Amino acid sequence: MKVVMKLATAIFLYTSSWVVVSTSAFATIPGGSLSPSPCKSTVEKRTSRHMELFGSSFELDNVEQPKKPISSVASSKQRKKKLKTFARYLEIESWKRGPLARDMEPVLRSIGEACKQINRIVQRAQTDDLYGVAEDANGNPLEETNVQGEVQQKLDVVCNAIMLKQFCGSTKGIIAAVASEEEDSQRSCANVMGDSAFALGEYVAVFDPIDGSKNIDASLPVGTIFGLYKCTPGTKPTEETFLQKGNEMVAAGYCLYSATTILVLTMGSGVDGFTLDPDKGMFLHTHPDIRIPASGPIYSFNEANFHDYSSPVQRYLDALKEGSSTTGMRSNARYMGALVADVHNVLINGGIFGYPGTRPNPNGKLRLLYEGNPMAMIMEQAGGAASTGTGRILDVIPTEIHMRVPTFLGSIDNVYECDQFHQYYDDDDEVDE
């Protein structure tokens with residue numbers, strides 16, 4: 001009986017509340033008409049009583065329901081693309097291309113691991129005190145410069161050690177020797193690993209462990225560049241082993257450490273790109289068969305050196321800025337001060353990157369073995385071009401391992417036009433101001 005009475009009371013209160021809402025919401029005014037009259041307190045009392053009787057799940061039509069929290073939408077599981085991993089890509093390519101690619105597979109896997117390690121170090125450079133100039137055992141800044149005439153940064157030293165170990169330690173009998181942009185001369189892998197079992201191999205590797213290391217201080221992009229050459233099996237490599245033309249290179253690539261970390265690789269038939277997934281800690285095949293546009297709107301030169309450039313380069317840059325070049329477009333300047341970042345921008349969007357010779361440095365500042373040849377191979381494999389201004393970079397015969405050359409890389413139409421300016425104008429021609 002008590003239950004029946006309680007239910008009856010609940011029904012009465014529920015129905016009466018709507019009477020209150022519908023009738024007390026209006027007041028009679030002279031003339032018999034009705035006008036709105038607030039009854040907020042009455043509604044609130046009835047609503048409170050309903051909540052007591054029917055629970056918090058009871059919904060009233062005249063009570064606005066809360067919207068779905070934004071956080072619940074943001075926390076919903078994001079869908080991942082189904083992409084091939086770098087390891088799987090190498091496995092497939094090694095079987096498609098035969099013994100040569102199968103030999104390189106463990107080496108290229110190690111390069112991927114090196115890029116991951118360097119990426120972590122770059123991200124932690126500030127918190128782990130890896131900014132600035134390298135120090136000696138006593139903590140004093142190094143005053144002497146490296147073979148390039150540059151003061152080594154802390155990251156240069158750390159990343160160089162990583163690349164040495166990853167190349168030489170990838171597997172025995174594959175990489176016989178390495179040459180680093182940071183060191184005076186080439187080194188055998190037996191010397192690097194401290195084990196004579198690594199003395200012989202079928203390949204030699206060249207690399208720049210951290211290109212644009214000074215950019216780290218300002219949180220700007222940096223990169224790693226590498227290339228592989230064949231050598232005579234069963235022989236100990238010498239400096240002459242490294243002095244091969246770029247068109248004899250069997251693989252080349254770079255890693256870009258920026259908003260995303262990207263590994264770009266060519267093994268002689270096209271260019272592919274892989275993006276590091278920070279959740280999985282793996283490179284995924286995000287850029288299959290990269291092709292550079294035939295022409296593009298970007299030019300990437302250090303224009304602080306403009307007045308030290310030769311007349312052909314000055315005239316070419318003026319044409320780009322005026323929109324009078326044969327590409328038919330007015331170009332945009334983009335320069336980040338790191339070869340990998342600037343070249344990657346040109347590779348994706350089209351245009352031209354240039355580091356010409358200057359009056360103080362007639363051969364420019366880019367090294368043929370560590371920077372020019374690997375980037376030239378990538379550009380040509382992607383459908384672009386690479387030139388010294390007077391000839392193909394990959395045809396240049398090195399005379400020593402730290403040789404420098406003027407460098408122009410990019411879309412085939414842009415680079416061809418730059419070559420035409422070098423052909424038709426003399427270096428000593430004066431440019432009209």
Side-chain angles (χ1 to χ4, degrees), residues 97-101 103-105 107-108 110-111 147-148 163-164 166-168 170 173-192 198-209 211 224-254 264-271 339 343 363-382 384-409:
R97 299 170 186 265
L100 179 66
D103 288 343
M104 290 192 296
E105 182 183 351
V107 178
L108 296 175
S110 290
I111 292 172
V147 67
Q148 311 300 338
M163 292 297 290
L164 287 171
Q166 289 294 339
F167 267 119
C168 289
S170 58
I174 301 296
I175 302 295
V178 289
S180 169
E181 186 262 350
E182 293 294 332
E183 302 197 355
D184 295 347
S185 60
Q186 79 283 353
R187 293 175 63 183
S188 70
C189 282
N191 175 269
V192 172
F198 293 87
L200 301 179
E202 298 184 11
Y203 299 90
V204 292
V206 295
F207 61 88
D208 182 354
D211 166 64
T224 298
I225 310 168
F226 60 89
L228 295 173
Y229 293 91
K230 286 280 287 183
C231 66
T232 305
T235 62
K236 291 185 179 182
T238 62
E239 181 173 343
E240 285 69 29
T241 307
F242 290 87
L243 303 182
Q244 303 181 46
K245 292 189 292 185
N247 56 22
E248 296 173 351
M249 192 174 285
V250 295
Y254 62 77
V264 174
L265 174 69
T266 178
M267 290 190 283
S269 66
V271 179
L339 174 65
V343 169
N363 293 322
K365 295 188 71 176
L366 297 183
R367 273 70 58 168
L368 177 64
L369 255 63
Y370 317 110
E371 297 162 323
N373 279 342
M375 289 303 196
M377 182 179 182
I378 291 169
M379 277 295 171
E380 289 197 2
Q381 287 295 319
S387 172
T388 63
T390 57
R392 184 170 173 248
I393 287 178
L394 295 178
D395 288 336
V396 176
I397 301 175
T399 56
E400 52 101 7
I401 62 173
H402 294 296
M403 177 180 175
R404 303 171 189 256
V405 291
T407 301
F408 301 93
L409 307 162

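Given the structure is predicted, the values throughout are model-derived calculations rather than measurements.
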How far apart are the closest heavy atoms of [X] and [Y], and which atoms are they?
X    : Y    : value
R97  : S269 : NH1-OG, 2.6 Å
V271 : A382 : CG2-N, 3.7 Å
A176 : P237 : CB-CG, 3.5 Å
G270 : Q381 : N-OE1, 2.9 Å
A251 : M104 : CB-SD, 3.9 Å
C189 : V178 : SG-CG1, 4.4 Å

Hey, what do you get for [atom1] ([X]) to [atom2] ([Y]), rounding to the nearest 0.5 Å?
X    : Y    : atom1 : atom2 : value
T266 : M375 : OG1   : CE    : 12.5 Å
L394 : S387 : CG    : OG    : 10.5 Å
I111 : Y254 : CD1   : OH    : 14.5 Å
R367 : T407 : CZ    : OG1   : 10.0 Å
L200 : K236 : CG    : NZ    : 7.5 Å
L339 : L409 : CG    : CG    : 7.0 Å

A side-chain contact here means heavy atoms from C-beta on lying under 4.5 Å apart; do [X] and [Y] qualify?
X    : Y    : value
I175 : L228 : yes
E202 : D103 : yes
V343 : M379 : yes
F242 : V206 : yes
Y370 : I401 : yes
T399 : L243 : no
F226 : V107 : no
E239 : S185 : no

Checklist entry - How far apart are the C-alpha atoms of T238 and E240, what are their side-chain angles, what is the distance that settles it, and do they pass the side-chain hydrogen bond (donor to acceptor under 3.5 Å, both in side chains) test? => result CA-CA 5 Å; T238 62; E240 285 69 29; 3.1 Å; yes
Next on the checklist: Going by the rule ring pair (Phe, Tyr, Trp, His ring centres under 6.0 Å), which residues pair with Y203 if we only count those two or more places apart in sequence or in a different chain?
Outcome noted: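 Y203 satisfies ring pair (Phe, Tyr, Trp, His ring centres under 6.0 Å) with no residue once adjacent residues are dropped.
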Next on the checklist: For Q186 and T241: C-alpha separation, side-chain torsions, deciding distance, then whether side-chain contact (heavy atoms from CB on, under 4.5 Å) applies.
Outcome noted: CA-CA 10 Å; Q186 79 283 353; T241 307; over 6 Å; no
Checklist entry - Who are the side-chain contact (heavy atoms from CB on, under 4.5 Å) partners of T224, not counting sequence neighbours? => result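 Scan of T224 (side-chain contact (heavy atoms from CB on, under 4.5 Å), adjacent residues dropped) gives I118, M163, C255, Y257.
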Item to check | Under the side-chain contact (heavy atoms from CB on, under 4.5 Å) test, residues paired with K245 that sit two or more places apart | outcome: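 Here the qualifying residues are N247, E248, I397.
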Next on the checklist: E380 vs R392, test: side-chain contact (heavy atoms from CB on, under 4.5 Å). Steps then yes/no.
Outcome noted: CA-CA 10 Å; E380 289 197 2; R392 184 170 173 248; 2.9 Å; yes
Next on the checklist: When you measure from the side chain of Q244 to the backbone of K230, do you find a donor-acceptor pair of N or O atoms at a distance under 3.5 Å?
Outcome noted: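 A pair under 3.5 Å: yes.
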Checklist entry - Is there a donor-acceptor pair closer than 3.5 Å between any side-chain N or O of H402 and the backbone N or O of L369? => result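 Checking the backbone N and O of L369 against the side chain of H402, no donor-acceptor pair under 3.5 Å is found.
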Checklist entry - What's the verdict on side-chain contact (heavy atoms from CB on, under 4.5 Å) for F207 and S180, showing C-alpha distance, side-chain angles and the deciding distance? => result CA-CA 5 Å; F207 61 88; S180 169; 3.5 Å; yes
Item to check | Audit row: C168, R187, side-chain contact (heavy atoms from CB on, under 4.5 Å) steps and yes/no | outcome: CA-CA 10 Å; C168 289; R187 293 175 63 183; over 6 Å; no
